[in-house]
Amino acid sequence: MSANKGLTGVVKLGVAGAETAILNVTSFSLEETTETIDVTSMDSAGNSREVLPTFISFTGTVEGYWDNTDAALKHTDTVDPVVRAGAEIGFELYPESTTSGKLYYKGNAIVTSVSRTQSFDGATQFTVNFDGNGPLDYKAV
């Protein structure tokens, strides 16, 4: 069985084509889905439904600890922060690291929400949710 530690993951976000690694990421997720159309007919084999895939889409989430000095997220830019709801971003998600030969996901997305959470006894955290905008590439470093 081959497995890897989540500890080596890297997330890059930013303006498409100029993505930069962000600090203090604790987790990320990426879900790819497809819609289907039902093409079942009277002569379908074995009384089973038949479907065809149509549109592919994806959504993702990045979570981490808030650091207002993180230039990649431009938290301190009150006029034009890179990651804000409604912004189009480029992203790269590296499950294993940025080492040559490792695989990663790359695409463009629309940020659907950015949340910040803080409690009196913990570090400030952030969550960025996004919906894919175009194809999702899976390639090697």
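Here, residue 1 is the first one in the sequence, and each next residue gets the next number.
Linking Ile, Leu, Val, Met, Phe, Trp and Tyr residues whenever their side-chain heavy atoms come within less than 4.5 Å places Val128 and Trp66 in a single cluster. With hydrophobic clusters built from ILVMFWY side chains whose heavy atoms lie under 4.5 angstrom apart, Tyr104 does not share a cluster with Leu30. Note: the hydrophobic cluster containing Ile89 does not contain Val10 (ILVMFWY, side chain heavy atoms under 4.5 Å, direct or indirect links).
Residues that satisfy the side chain to side chain contact (heavy atoms under 4.5 Å, CB included) test with Ala123, not counting sequence neighbours, are Tyr65. Residues forming a side-chain hydrogen bond (donor to acceptor under 3.5 Å, both in side chains) with Thr124 (at least two apart in sequence, or on another chain): Gln118. In terms of the side chain to side chain contact (heavy atoms under 4.5 Å, CB included) criterion, residue partners of Tyr138 (sequence neighbours excluded) are, by chain and number, Leu103, Tyr105. Every residue two or more places apart in sequence or in another chain that forms a side chain to side chain contact (heavy atoms under 4.5 Å, CB included) with Glu88 is listed here: Asn108, Ile110, Asn133. Remark: Asp38 pairs with Arg49 by the salt bridge (Lys or Arg N to Asp or Glu O under 4.0 Å) rule, at least two apart or across chains.
To the nearest 0.5 Å, atoms CD (Glu50) and CG (Asp43) are separated by 7.5 Å.
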Side-chain donor-acceptor contacts of residues 93-100 below 3.5 Å, not counting sequence neighbours, with atom names and distances?
unit_1 : atom_1 : unit_2 : atom_2 : d
Tyr94  : OH     : Glu92  : OE1    : 2.4
Ser97  : OG     : Thr99  : N      : 3.1
Ser97  : OG     : Thr99  : OG1    : 2.8

Can you give the donor-acceptor pairs under 3.5 Å from side chains of residues 54-64 to other protein atoms, not counting sequence neighbours?
unit_1 : atom_1 : unit_2 : atom_2 : d
Thr54  : OG1    : Glu35  : O      : 3.2
Ser57  : OG     : Thr33  : OG1    : 3.0
Thr61  : OG1    : Asn129 : OD1    : 2.7
Glu63  : OE1    : Ser27  : OG     : 2.7

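For residues 117-141, no pair satisfies salt bridge (Lys or Arg N to Asp or Glu O under 4.0 Å), with sequence neighbours left out.
Listed here is the closest heavy atom pair of Gly101 and Ala140: O-CB, 4.2 Å. Considering all non-hydrogen atoms of both residues, Ala85 and Ser113 come closest at CB-CA, 4.5 Å. Between Thr34 and Pro53, the shortest heavy-atom contact is OG1-CB, 3.9 Å. Nearest heavy atom pair, residue Phe126 against residue Ile22, reads CZ-CD1, 4.2 Å.
Phe91 has its side chain within reach of Leu136: a pair of non-hydrogen atoms, C-beta onward, lies under 4.5 Å apart.
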message: Apply side chain to side chain contact (heavy atoms under 4.5 Å, CB included) to residues Val83 and Val114 and explain how you reach the verdict.
response: CA-CA 8 Å; Val83 178; Val114 179; 4.0 Å; yes
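In Lys106, the NZ atom is crowded: over 12 heavy atoms of neighbouring residues, nucleotides or ligands sit closer than 6.0 Å.
Ile37 shares a hydrophobic cluster with Val39, Leu52; the chain of contacts runs through ILVMFWY side chains whose heavy atoms sit under 4.5 Å apart.
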